[in-house]
Amino acid sequence: MALQILIQGFVLSGLYALIAVGFTMIFSVGRVLNLAYGVYIMLGGYIYYAALQEAGLPVFASFILAILAGVTFGLLTYLLLVRRLEDNPIAVEISTLILAVVMQALIVVIFGAAPKTMWPVIRGVLRFEGISVTMNILLATGVSWVVLGSLMAFVRYTHLGRAIRAVSMDRKGAVISGIEPSFISMVTWALSGAFGAIAGVFFATFTQLDSHMWVFPLIISVAVVIVGGIGSIVGSLIAAHIIGFVETITTTIIAAELRGVSTMLLIILVLLIRPKGLFGRAEL
Amino acid sequence: MSIDRETMRYLGWWLAFGVLMCLLPLVVGTGTLRILIFAHFLAMFAMSWDFLSGRTGYISFGHPFLIGIAGYTTAILSFRFGVPIYYSIPAAVVATIVGGTLFFLPALRIRGTYFALVTLAFMEILYQLTKVVAPKITGGTRGMSGLESIVSGAVNNYYMSFGIMFVIGVVLWLLIRTRLGVALSAIRMNEEAVRSTGHSTTKLKLFAFSVSAAVSGVGGAFYVHYIGSIAPRGMFEINFLFTILVAALLGGAETIIGPIMGAYFLTVLLEYLRPVMPGMERYLLYGGIALVLYVVRPAGIYSLIADAGRKVQEWRR
Amino acid sequence: MTATAGPLLEVRDLHMTFGGIRAVQGISFQVAEGETLGLIGPNGAGKTTVFNMIMAELKPTSGEIWFGGENITRVPTHERVKRGIARTYQVPQPFGEMSVGSNIRVGMAPDDIWKLIAVGADPAAEAEIGRSVGFSDEQIDMLPSELAMGDLRRLEMARNVAVSPRLLLLDEVFAGLTLREIGQISELLVEKKRKDGLTYIIVSHDLRALAPLVDRVIVMSFGELIAEGSFDEVVKDEAVRDAYLGQ
Amino acid sequence: MAQLSISGLDVFYGRAQALHGVSLEVEAGRIVAVVGPNGAGKSTLLDSIIGLTRRRGQIQFEGRDIGRMAPARIVRLGIGYAPERGNLFPFMGVKENLLVGAYRKRDAIEENLRTVFDLFPRLEERQNQETATQSGGERQMASLGRALMSSPKLLMVDEPTLGLAPRVCLEIAAVLKDLNERLGLTIVITEQNANFAMSLAQEVYLLETGRIGDRRTPEELRESADIAAAYFGD
């Protein structure tokens, strides 16, 4: 049982970290909460599905298309909506929530209300000490770590990445260093869309595609931000693991139906004890 | 309470609105009345949201949570334990205020953007819990149906729902015209400065919240008895939240009259589009309208009409 | 005006540390009822931090604050206001979507939910307060966004006068004002003091404007008190000159 | 012709006017100080030169009108800025802060890093320490260093001595002098600390309530009663 919790916990946490990172990034750089973030995840899943299972494109091409869709939609959210409301975080919150519901309706109009089952990205099962893990989940965990690792390298070792962190820490300091914050915002929204789409492809293979699937990842992202604080990527990673393990332990030891409830209670607890999050500091 | 001339004039308008709506069943059929009944309930929820969020700027994404507490309380009491609805409905309202306060009070300590997220999380908790905790009582995922109705027939229900909405509307409207209303708006604009003028903002926010919860409680309790069933889906759902939010924002937050207008507009639009757009297209359409209107005109329909009225007056002069 | 034995406000050994930075290190001073105290010092000396602590917007790391003979160190902001302390901000903080009159209304409102509902607003009294700080009747209906900087400072004054304070903390009241506006605000301060017996603590970098108003001046530098005395004494003080002009 | 010339500069914050028709000239290779009490508009002046405010009037740098340019372009033209209190990136190490400063000048990073570390050996010792945990003096050095990373021709420093102990002020003064003499950098500083400014600069402007006086030498200014009047009203 302990081994099972360990494996499941890591697998789930990896996925949660991947889901949350795009959301956290927007919050760190622009100090706004993008409630349409879940839509990038849904869009990633649906576009991948349409390309692979309806248009018959190869896996790789479908994946690229999904990412492009995420990037495009992320950019559009920023350019058409958020940029006009940027000095009012509450307006951003409300309008992105409305946008999410609009997109949910659009998905139903295009793909219908019935849930769709996605093929796993790769097939096969790995058995180990009486525990079986699908190759698909292992791949997802692997991709998650690779993506997060590349992101960390990107923000640490490239000029553009450092500029993103600079804007998130001190906007004036960044501007007088010659950085254009609006360009940085566009880059982060595009990246956020890409991360959402990648996470969405895997998330959808674990559950299924339906027009409500954007809510749960959004709640997870929110939970990661609240638990981790407006945090460093490392802070978000740790927060994702706390949430992932708490959930795994609750569902395997107490009751499977309580999935989600433990996360909510964790959010409330953290907000009451440390409203700035466990690792709260203004950094990406 | 001193009532000035302007208040009297507006009360006249309220009265005219009331009389007009009371005469409506003489003219229109029961189909239209049934649509309007939904508008009335939506208006109650939107006003409740507006009184808390529109006024104080503490955006609640958890109003379905409040409505749900009320709905479940009266449904369980009357359906499972045979409590007469004369008792179960007041009990539901009390439960909403107490239960809501228990959850929201800690959240009211949290500033700005986080408040909305925490209330959203509450809604999700209740959704999960009703499915798994004591399903024998709550009915689990399927909920309960066959709840006792208060009055029967479209006309009676129309008058009842309109009456409740009208009373709530007038009371809330009078409330926001007092100095309390001014103080609550001031919280939205600058909470710090309200404190430094000698107010306990905690007390003010708690009051606004209790009123909002009471209104949601009344609305929620009557609503479930009207539709005769309750289930976690449809209740604790973002689509429901979305409808409330859009009604309040479309009409124009912070006005009480706005949310009523928004609720009528939304329900009627939704119904008249039904033949043309049978499914989710309607959400797509009015979500789109709401989005554009919100970005272009955050103050809502009410402000458009108010502006138009002002222009007409200027023109007549 | 109630006569109190001893000082109206007394600050005892206040300390404030942010992270590792000691913003205020052991400040003590007193203000007598009816006195006008100037609080000056170079940029970053910790003057506003002292105001924030007197208003309970910041919790001091250590030290005590006494008002009217009572230890108020643990009393929250709105209770301090009720006891008679009010302040203005360096950057005026009006309620942006409300008219001047409504801004004053918030200040006049009692901290009691039922009275807020039952007792109607008194536009005449609001207008009276507005006029007393120099607003024209027309301006009472204006929005803050339509006002000039000097008028915004008046509005802050008006909202503070509305809470009927005994002690008023004025933070950089002359900043961003034209010479004419400075004259008007000064006159207003003198007038209010004459009529209502107000006590002031004024923070200002505009010493020329401050000089005629103050009875006594205290000087802060690097979070410490470096001088105290009449205006003329203080500005001739070697340590003060060094603090401002550098050595 | 002057390297930097400003004429009739008006700056507003909302309805409040922070600068009133400010004009000044800075010749290449000089150290110029703008002196004045708190709130006179010193930071606003430098913010306006680098393009951070809504401004009206003429600002020319090396003959080009920069009065409407965005900060990024102005930085690229060769103006470096160390603002009041630094505006450093608190959770980055010193070296990373410096690298951000090189955002617009990536072909001379090694060279510029060497220059900065030679000027401030202490920064090299602590290059990986987060600036959030550093002393005021070290932060001031890091801020100057970051400005130097874009290879500026003109360096603007806002209140270099703010909150610093006298010993550290002397250190900063020595570095600024060195930059000016050895590397030929034009330097504009603003100071409340008038004596510091007059000991360092060759030319001084007195800024008072958003208005600026004529260019003077430190001696002229010291002999006039204007400074004391500006500060103490006597």
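Chain identifiers are assigned alphabetically (A, B, ...) following the order of the sequence lines, protein sequences preceding nucleic acid strands; residue numbering begins at 1 within each chain.
- With a 4.5 angstrom heavy-atom cutoff, C:Glu146 touches chain D only via backbone atoms.
- The neighbour count for D:Arg56 CZ, taken as heavy atoms of other residues, nucleotides or ligands under 6.0 Å away, does not exceed 12.
- In terms of heavy atoms, D:Gln192 sits closest to C:Pro42 at NE2-CB, 2.6 Å.
- Only the side chain of D:Glu159 has a heavy atom closer than 4.5 Å to any heavy atom of chain C.
- The contact between C:Ser145 and chain D is made entirely by backbone atoms, counting heavy-atom distances below 4.5 Å.
- Pairing each heavy atom of D:Tyr231 with each of C:Leu207, the nearest pair is O-CD1, 3.1 Å.
- Rounding to the nearest 0.5 Å gives a distance of 7.5 Å between CG of D:Asn195 and CG of C:Asp242.
- The number of heavy atoms from other shown groups lying within 6.0 Å of NZ (C:Lys192) is above 12.
- By a heavy-atom distance cut of under 4.5 Å, not one residue of residues 211-220 of chain D is near chain C.
- Proximity to chain D is absent for every atom of C:Leu179, based on heavy atoms less than 4.5 angstrom apart.
- Using a 4.5 Å heavy-atom threshold, the side chains of C:Lys47 and D:Asn38 count as touching.
- When the heavy atoms of residues 127-144 of chain C are compared with those of chain D, none of the residues falls under 4.5 Å.
- If you measure heavy-atom distances from C:Phe222 to chain D, the contacts under 4.5 Å come from the side chain alone.
- For a residue to count as touching a neighbouring chain, one of its non-hydrogen atoms must lie under 4.5 Å from one of that chain's; by this rule D:Leu170 does not touch chain C.
- For the atom pair CG (C:Leu245) and CE (D:Met198), the distance works out to 7.0 Å, reported to the nearest 0.5 Å.
- Atoms CG and CG, from C:Asn43 and D:Asn193 in turn, are 12.0 Å apart once rounded to the nearest 0.5 Å.
- For chain C, the option among D:Arg85, D:His20, D:Glu208 with the highest count of heavy-atom pairs below 4.5 Å is D:Glu208.
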